[in-house]
Amino acid sequence: MINQKSVQLGSVRSVIRELFEYGKKRKAQIGEENVFDFSLGNPSVPPPAEVGQALVDILSGSDPVAVHGYTSAQGDASVRAAVADYINSRFFSGVGADNIYMTCGAAASLTITLNALLNPGDEVITVAPYFPEYKVFCEHAGGRLVAVRGEEGTFLPDVAAIGRAITPNTKAVLLNSPNNPSGVVYPAGRIAELCALLRACGEQGQTIYLIADEPYRELVFGDAEVPYIMNYYDNSIVCYSFSKSLSLPGERIGYIAVNPAMPDSGTVYAAVCGAGRALGYVCAPALFQLLVPRVLGLTSDISVYRRNRDRLAAALEEYGFKVVRPDGAFYLFVQSPEPDADAFAERAKQFELLIVPSGSFGVDGYARISYCVSPDMIERSLPAFGALARSYGLTGAKG
Ligand code: PLP
């Protein structure tokens with residue numbers, strides 16, 4: 001018999017993918033412009049012009065073998081040095097090329113890191129709501145995901161509750177800020193509080209690693225800042241991806257940065273290399289590795305997402321919905337007007353609005369709206385949101 005867990009994972013689509021597929025069918029039935037698909041987090045803004053130009057330059061270079069050939073398993077040395085220099089100039093100091101492992105995006109950064117750290121039965125604490133694939137990634141690495149609900153209303157990490165969830169099996173805490181699906185950015189004070197808790201565990205002989213999943217680091221609006229985890233805690237690892245910041249999710253490029261201040265950083269880096277090898281994730285796409293040094297620090301035009309957020313959040317509040325304050329990423333988390341978020345998302349479908357119920361993110365009673373869509377679609381969708389609000393008799397509802 002073949003591996004039944006894999007059969008099950010491959011046969012059952014995620015709720016998000018299910019909704020996306022439904023949207024495709026519905027668009028074929030009633031016309032693309034009549035379906036308001038807020039299901040997927042696929043960036044809608046093109047990559048910055050520098051990306052295309054850099055790719056042309058790289059491809060017109062004289063050595064096709066260097067462009068398309070294997071790099072070192074952990075990534076090209078000069079690319080890793082450039083990433084390290086960038087981190088040192090922006091966020092932290094002391095990072096070297098041998099703290100960096102180039103990956104196929106954040107998903108690979110996470111699976112490699114979890115496989116590097118976990119022994120069978122280890123637990124990984126995360127804050128709910130969380131990216132649903134965390135459970136799959138942890139379980140495949142032999143561990144167990146333990147979700148601790150964020151504080152009511154703000155969805156910030158509840159440090160006391162995290163403290164209560166720590167057991168002798170806790171190996172890591174996995175944070176994602178700006179957060180998918182809530183859009184919440186965890187402020188420095190809260191990060192410092194959590195790190196004090198983890199340091200206290202270390203003093204009692206239990207090392208707990210802190211993993212920061214950061215595909216949305218650059219997607220912040222207003223004066224929100226995303227604290228760099230290495231400045232707060234030595235036993236930390238950053239899992240980064242260029243998928244969202246540069247609108248390159250299909251190209252599969254990112255990196256892992258192991259904090260050089262970690263007492264056993266050489267061993268952890270060796271484990272990262274070993275897990276990358278065992279998972280077959282060596283040598284991230286060479287062309288996109290070579291692109292990285294030329295575009296570090298650039299982003300797509302994120303002002304589009306900001307305008308979308310402002311327009312949509314204001315309209316939803318006007319209609320009487322309650323939304324969680326979103327400082328980053330490109331997601332709005334809206335409270336369901338009825339306790340059952342699945343029923344809310346189902347009712348939204350009647351108005352051709354495709355929004356993701358919160359159950360798969362580990363909390364009840366909300367739905368996620370991905371607003372990385374065209375401003376035009378946001379505008380056209382507002383009457384439907386108004387009608388949805390009216391169907392619940394929400395006060396302030398108009399449209
Ligand atoms: N982590 C979070 C929180 C995400 O939202 C995503 C993708 O949406 C990923 C990881 C995976 O990112 P990538 O496409 O870079 O693998």
Side-chain angles (χ1 to χ4, degrees), residues 87 91-95 99 101 109-131 134-135 137-152 154-177 179 184-214 226-239 256-275 362:
I87 294 173
F91 309 118
F92 192 68
S93 56
V95 179
N99 301 115
Y101 188 101
S109 301
L110 288 164
T111 48
I112 292 172
T113 300
L114 292 166
N115 277 276
L117 297 180
L118 300 189
N119 289 304
D122 281 348
E123 292 166 2
V124 177
I125 295 178
T126 197
V127 179
Y130 59 85
F131 180 52
Y134 286 174
K135 194 165 177 319
F137 296 164
C138 278
E139 287 175 6
H140 186 259
R144 191 168 77 84
L145 187 72
V146 176
V148 174
R149 193 183 165 102
E151 273 176 12
E152 196 51 53
T154 63
F155 288 117
L156 293 178
D158 180 337
V159 177
I162 291 175
R164 290 193 292 277
I166 290 175
T167 74
N169 294 328
T170 305
K171 179 59 67 68
V173 172
L174 169 54
L175 291 186
N176 166 227
S177 166
N179 183 263
V184 168
V185 174
Y186 301 160
R190 196 55 67 100
I191 297 292
E193 231 183 285
L194 174 65
C195 291
L197 169 74
L198 300 185
R199 254 191 308 277
C201 294
E203 280 155 18
Q204 284 163 25
Q206 182 178 7
T207 300
I208 300 179
Y209 295 91
L210 185 56
I211 305 168
D213 176 25
E214 301 204 333
V226 185
Y228 203 69
I229 222 87
M230 289 189 190
N231 290 306
Y232 294 81
Y233 190 62
D234 290 348
N235 286 308
S236 55
I237 300 177
V238 175
C239 290
I256 297 165
V258 176
N259 189 338
M262 189 184 289
D264 55 353
S265 80
T267 312
V268 170
Y269 185 72
V272 163
C273 294

Test item: Asn179 and Tyr186 side chains (from C-beta on) under 4.5 Å apart, heavy atoms: yes
Student check: side-chain heavy atoms of Leu197 and Ile166 closer than 4.5 Å: yes
Aromatic ring pairing Tyr130/Tyr134, orientation class (parallel under 30°, perpendicular over 60°, tilted between): parallel
CG on Asn169 to CD on Glu123, rounded to 0.5 Å: 4.5 Å
CA sep, side-chain torsions, deciding dist, call: Tyr209, Met262, side chain to side chain contact (heavy atoms under 4.5 Å, CB included): CA-CA 10 Å; Tyr209 295 91; Met262 189 184 289; 3.9 Å; yes
Closest heavy-atom pair and its distance - Pro157, Arg190: O-NH1, 2.7 Å
Parallel, tilted or perpendicular, as decided by the 30° and 60° cut-offs, for the rings of Tyr228 and Phe92: tilted
Atom of Ser177, atom of Val226 and distance for their closest heavy-atom approach: O-CG1, 3.7 Å
Distance-minimising heavy-atom pair for Phe131 and Phe137: CE2-CE1, 4.5 Å
Which atom of Leu175 lies closest to which atom of Ile191, heavy atoms considered: CD1-CD1, 3.7 Å
Euclidean distance, Lys135 NZ relative to Thr126 OG1, rounded to 0.5 Å: 13.0 Å
Beyond-backbone contact of Leu174 with Thr113, side-chain heavy atoms, under 4.5 angstrom: no
Heavy-atom side-chain proximity of Cys239 to Ile112 below 4.5 angstrom: no
Derivation and outcome, side chain to side chain contact (heavy atoms under 4.5 Å, CB included), residues Lys171 and Asn119: CA-CA 9 Å; Lys171 179 59 67 68; Asn119 289 304; 3.6 Å; yes
Val268, Val238, Asp264, Thr267 screened by side-chain contact (heavy atoms from CB on, under 4.5 Å) with Val258, the one that passes: Val268
Beyond-backbone contact of Ile162 with Val127, side-chain heavy atoms, under 4.5 angstrom: yes
Arg149 side, atom CZ; Asp158 side, atom CG - distance, nearest 0.5 Å: 10.5 Å
Minimum side-chain heavy-atom gap Arg164-Val148 below 4.5 Å: no
Asp122, Ile211, Val272 screened by side-chain contact (heavy atoms from CB on, under 4.5 Å) with Leu117, the one that passes: Ile211
Atom pair CD1 (Ile125) and CZ (Arg144), whose distance is rounded to the nearest 0.5 Å: 9.5 Å
Where Ser265 and Pro260 come nearest, the two heavy atoms and their spacing: OG-O, 3.7 Å
Pairwise distance CG(Asp234) to CD1(Ile229) - rounded to 0.5 angstrom: 12.5 Å
Straight-line distance of Glu193 CD to Leu156 CG, nearest 0.5 Å: 10.0 Å
Flag, side chain of Asn231 to backbone of Phe91, donor-acceptor distance under 3.5 Å: yes
pair Ile208-Asn235: side-chain heavy atoms closer than 4.5 Å: no
For the student: nearest non-hydrogen atoms of Phe155 and Ala128, plus distance: CD2-O, 3.9 Å
Validation row: Gln206, Thr170 side chains within 4.5 angstrom (heavy atoms): yes
